[in-house]
Colleague: 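Can you keep this structure in mind? I'll have questions shortly.
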Amino acid sequence: MVRIAVMGASGRMGQMLIRLVDENDLTSLSAAIERAGHDWLGRDLGEAMGSAARGLVVTDDLDGALAQSDAVIDFTAPAVSVDLAARAAAAGIVHVIGTTGFSQADLSAIAQAGRTGRIVRAGNMSLGVNLLVKLTQQVAAALGTEYDIEIVEAHHRHKVDAPSGTALMLGEAAAEGRNMRLDDVADRGRDGITGARTQGAIGFHAIRGGDYIGEHDVIFAGEGERIVLRHVASDRALFARGAIRAALWAQSAAPGEYSMLDVLGL
Ligand SMILES: NC(=O)C1=CN([C@@H]2O[C@H](COP(=O)(O)OP(=O)(O)OC[C@H]3O[C@@H](n4cnc5c(N)ncnc54)[C@H](OP(=O)(O)O)[C@@H]3O)[C@@H](O)[C@H]2O)C=CC1
Ligand SMILES: O=C(O)C1=N[C@H](C(=O)O)C[C@H](O)C1
């Protein structure tokens, strides 16, 4: 059994992960971690989640939790994941990062932790989106800049970062297909007198509202035709299953920072 700790246990993804770690024959839940001051701390996890007591108390003793685990899965917030990357590496356990919204400085700190630790990080852990990443790269390479690329994403009203991590993965793939750097061509959310579109730009647009789980369109708009690559997530279990698969895959990996493309062999 691979022992998995869940960081951010009370979150939307945290609770989904706990259910799926319980269901998986290859994994057991070693710890449920929340931030200091959280009202779940010290409570039985089962009761906190609205079901029967299970004899596991929610903790904020991070290093204690890591010491009794083989992997920690973390869908929380950038500052939490950056700190955890160094601690998981020091504890010698796998760190699966689903968190999005990182700055360049955050990403450098995570890469540094990946010199000694085993990290899998992806803005989207689903098979479908990672396939879409490969397709986006291929279509962008095939079409050239006379086709305008626009990425449109929709998420629930609670999401705090934009563009989504997935939209950025798709944008990176499109830019790579065109042998460009995304930072040089990204055009984020137009407003006002913007002037005509710059050829080669990759546009990003974010819808926020209601209970969307996550929807992404990559539009290639040419003269007389449009190609649209679309992924629609209808269940968060998709992301949790991917994260658990990553935690299992990385048990036998060498130190490094990996993506879901590595895990899925795409
Ligand atoms: N890669 C992927 O496939 C996916 C990525 N995500 C990303 O995962 C992240 C979380 O999303 P979601 O579950 O919807 O968000 P939630 O806000 O529901 O959950 C985040 C959880 O982290 C907790 N947390 C915050 N600080 C700490 C800390 N210091 N220690 C432990 N726990 C902490 C929060 O507690 P509190 O509420 O008390 O602050 C909360 O329980 C986002 O960045 C999102 O974009 C989401 C889905 C899929
Ligand atoms: O915040 C979310 O919910 C999601 N975040 C990820 C992202 O930023 O792309 C993945 C998924 O779309 C859900």
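Keep in mind that what you see is a predicted model, and the values were worked out from it rather than measured. We count ligands from 1, going down the list as the structure has it; atoms in each ligand are counted the same way.
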Colleague: Could you list the atoms of ligand 1 found under 4.0 angstrom from a heavy atom of His38?
Modeller: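 Counting atoms of ligand 1 from 1, those under 4.0 Å from His38 are 38 (O).
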
Colleague: Only heavy atoms of Ile213, strictly under 4.0 Å: list the atoms of ligand 2 that pass.
Modeller: 3 (O), 13 (C)

Colleague: Side-chain contact, heavy-atom cut-off 4.5 Å: Ile93 with Asp70?
Modeller: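 SC-SC contact between Ile93 and Asp70 ruled out.
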
Colleague: For Ser164, take its heavy atoms, then give the atoms of ligand 2 lying under 4.0 Å from any of them.
Modeller: 7 (C), 8 (O), 9 (O)

Colleague: By number and element, which atoms of ligand 1 are closer than 4.0 Å to a non-hydrogen atom of Met13?
Modeller: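 Matching atoms, with element in brackets: 13 (O), 46 (C), 47 (C).
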
Colleague: What residues, two or more places apart in sequence or in another chain, satisfy side-chain contact (heavy atoms from CB on, under 4.5 Å) together with Ala141?
Modeller: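 So Ala141 forms no side-chain contact (heavy atoms from CB on, under 4.5 Å) with any residue.
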
Colleague: Using a distance-only test with no angle check, is there a side-chain donor-acceptor pair under 3.5 angstrom linking His155 and Ser164?
Modeller: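 His155 vs Ser164: no donor-acceptor pair found between side chains.
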
Colleague: Can you see whether His95 engages Asp74 through a side-chain donor-acceptor pair at a distance of less than 3.5 angstrom?
Modeller: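 A donor-acceptor contact under 3.5 Å links the two side chains.
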
Colleague: Please determine whether residues Phe75 and Ile110 belong to a single hydrophobic cluster, defined as Ile, Leu, Val, Met, Phe, Trp and Tyr linked transitively by side-chain heavy-atom distances below 4.5 Å.
Modeller: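 Different clusters.
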
Colleague: Could you list which atoms of ligand 1 come closer than 4.0 Å to a heavy atom of Ser10?
Modeller: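 Within the 4.0 Å cut-off of Ser10, ligand 1 contributes 41 (O).
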
Colleague: Is it the case that more than 12 heavy atoms not belonging to Asp63 sit under 6.0 Å from its CG atom?
Modeller: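 For Asp63, atom CG is crowded (more than 12 foreign heavy atoms under 6.0 Å).
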
Colleague: Could you identify the single nearest non-hydrogen protein atom to atom 14 (O) of ligand 1 and state the distance to 0.1 Å?
Modeller: Arg12 NE, 2.9 Å

Colleague: Out of His155, Met13, Met169, whose heavy atom is nearest to atom 11 (C) of ligand 2?
Modeller: His155

Colleague: Just need the protein heavy atom nearest to atom 5 (N) of ligand 2, so name the residue and atom and give the distance.
Modeller: Lys159 NZ, 3.2 Å

Colleague: For atom 29 (N) of ligand 1, state which one of Ile33, Thr59, Val80 supplies the nearest heavy atom.
Modeller: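 The residue whose heavy atom sits nearest atom 29 (N) of ligand 1 is Val80.
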
Colleague: I would like to know whether Leu143 and Arg178 meet side chain to side chain contact (heavy atoms under 4.5 Å, CB included); could you show each step before the answer?
Modeller: CA-CA 9 Å; Leu143 290 179; Arg178 287 178 164 179; 6.0 Å; no

Colleague: Which ligand 1 atoms are under 4.0 Å away from a heavy-atom of Gly123?
Modeller: 1 (N), 2 (C), 3 (O)

Colleague: For Arg197, enumerate each residue passing the side-chain contact (heavy atoms from CB on, under 4.5 Å) test, keeping only those at least two apart in sequence or located in another chain.
Modeller: Asp148, Glu150, Arg190, Ala201

Colleague: Show the atoms of ligand 2 that are less than 4.0 angstrom away from any heavy atom in Gly123.
Modeller: 6 (C), 7 (C), 9 (O), 10 (C)

Colleague: What atoms of ligand 2 come closer than 4.0 angstrom to any heavy atom of His156?
Modeller: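 This gives 1 (O), 2 (C), 3 (O) as the contact atoms.
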
Colleague: Quick one: nearest non-hydrogen protein atom to atom 43 (O) of ligand 1, plus distance?
Modeller: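 Protein heavy atom with the smallest distance to atom 43 (O) of ligand 1: Thr100 N, 3.0 Å.
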
Colleague: Is any side-chain heavy atom of Ile97 closer than 4.5 Å to one of Phe102?
Modeller: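 The answer is yes; the side chains approach within 4.5 Å.
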
Colleague: How far is atom 4 (C) of ligand 1 from its nearest protein heavy atom, and which residue and atom is that?
Modeller: Phe75 CE2, 3.4 Å

Colleague: Quick test: of every protein heavy atom, which one is nearest to atom 33 (C) of ligand 1, and how far off is it to 0.1 Å?
Modeller: Glu34 OE1, 3.7 Å

Colleague: Measure the distance from atom 3 (O) of ligand 1 to every protein heavy atom, then report the residue, atom name and distance (to 0.1 Å) of the closest one.
Modeller: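 I find the closest protein heavy atom is Met125 N, 2.9 Å.
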
Colleague: Does some non-hydrogen atom of Ala77 fall short of 4.0 Å from ligand 1?
Modeller: no

Colleague: Give the atom numbers and elements of ligand 1 that come within less than 4.0 Å of a heavy atom of Thr76.
Modeller: 9 (C), 10 (C), 22 (O), 42 (C), 43 (O)

Colleague: Looking at atom 7 (C) of ligand 2, what's its closest protein heavy atom, distance included?
Modeller: Gly165 N, 3.4 Å

Colleague: Once you restrict to heavy atoms under 4.0 Å, what part of His216 touches ligand 2? Side chain, backbone, both or neither.
Modeller: side chain

Colleague: Considering only heavy atoms from C-beta outward, does the side chain of Met13 approach that of Arg236 to under 4.5 Å?
Modeller: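 Side-chain contact under 4.5 Å: yes.
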
Colleague: Quick check on contacts: which atoms of ligand 1 are under 4.0 angstrom from a heavy atom of Gly98?
Modeller: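 So the atoms of ligand 1 that pass are 1 (N), 2 (C), 4 (C), 5 (C), 6 (N), 7 (C), 8 (O).
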
Colleague: Would you say that Leu45 contacts Trp40 through its side chain, given a criterion of any heavy-atom pair below 4.5 Å between the two side chains?
Modeller: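 They are in side-chain contact.
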
Colleague: Can you name the atoms of ligand 1, numbered from 1 with element, that are less than 4.0 Å from a heavy atom of Lys159?
Modeller: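 Those atoms are 45 (O).
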
Colleague: Verify whether one side chain among Gln68 and Ser30 offers a donor that lies under 3.5 Å from an acceptor in the other.
Modeller: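 Short answer, no.
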
Colleague: Taking atom 27 (C) of ligand 1 as the point of reference, which of Met7, Met260, Arg35 owns the nearest heavy atom?
Modeller: Arg35

Colleague: Consider salt bridge (Lys or Arg N to Asp or Glu O under 4.0 Å). Of Arg208, Lys159, Arg188, which one does Glu153 pass it with?
Modeller: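 Going through Arg208, Lys159, Arg188 one by one, the salt bridge (Lys or Arg N to Asp or Glu O under 4.0 Å) with Glu153 is satisfied by Arg208 alone.
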
Colleague: Counting heavy atoms not belonging to Arg12, are there more than 12 under 6.0 Å from its CZ?
Modeller: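 Atom CZ in Arg12 is crowded, with more than 12 foreign heavy atoms closer than 6.0 Å.
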
Colleague: Identify the closest protein heavy atom to atom 19 (O) of ligand 1: which residue and atom is it, and at what distance?
Modeller: Gly11 CA, 3.3 Å

Colleague: Considering only heavy atoms, does Thr100 approach ligand 2 within less than 4.0 Å through its side chain, its backbone, both, or neither?
Modeller: side chain

Colleague: Checking the side chain of Asp44 only, and the main-chain atoms of Gly55 only, is there a donor and an acceptor separated by less than 3.5 Å?
Modeller: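 Yes, Asp44 side chain to Gly55 backbone: donor-acceptor pair under 3.5 Å.
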
Colleague: Thr166 heavy atoms, cut-off 4.0 Å: which ligand 2 atoms fall inside?
Modeller: 7 (C), 9 (O), 10 (C), 12 (O)

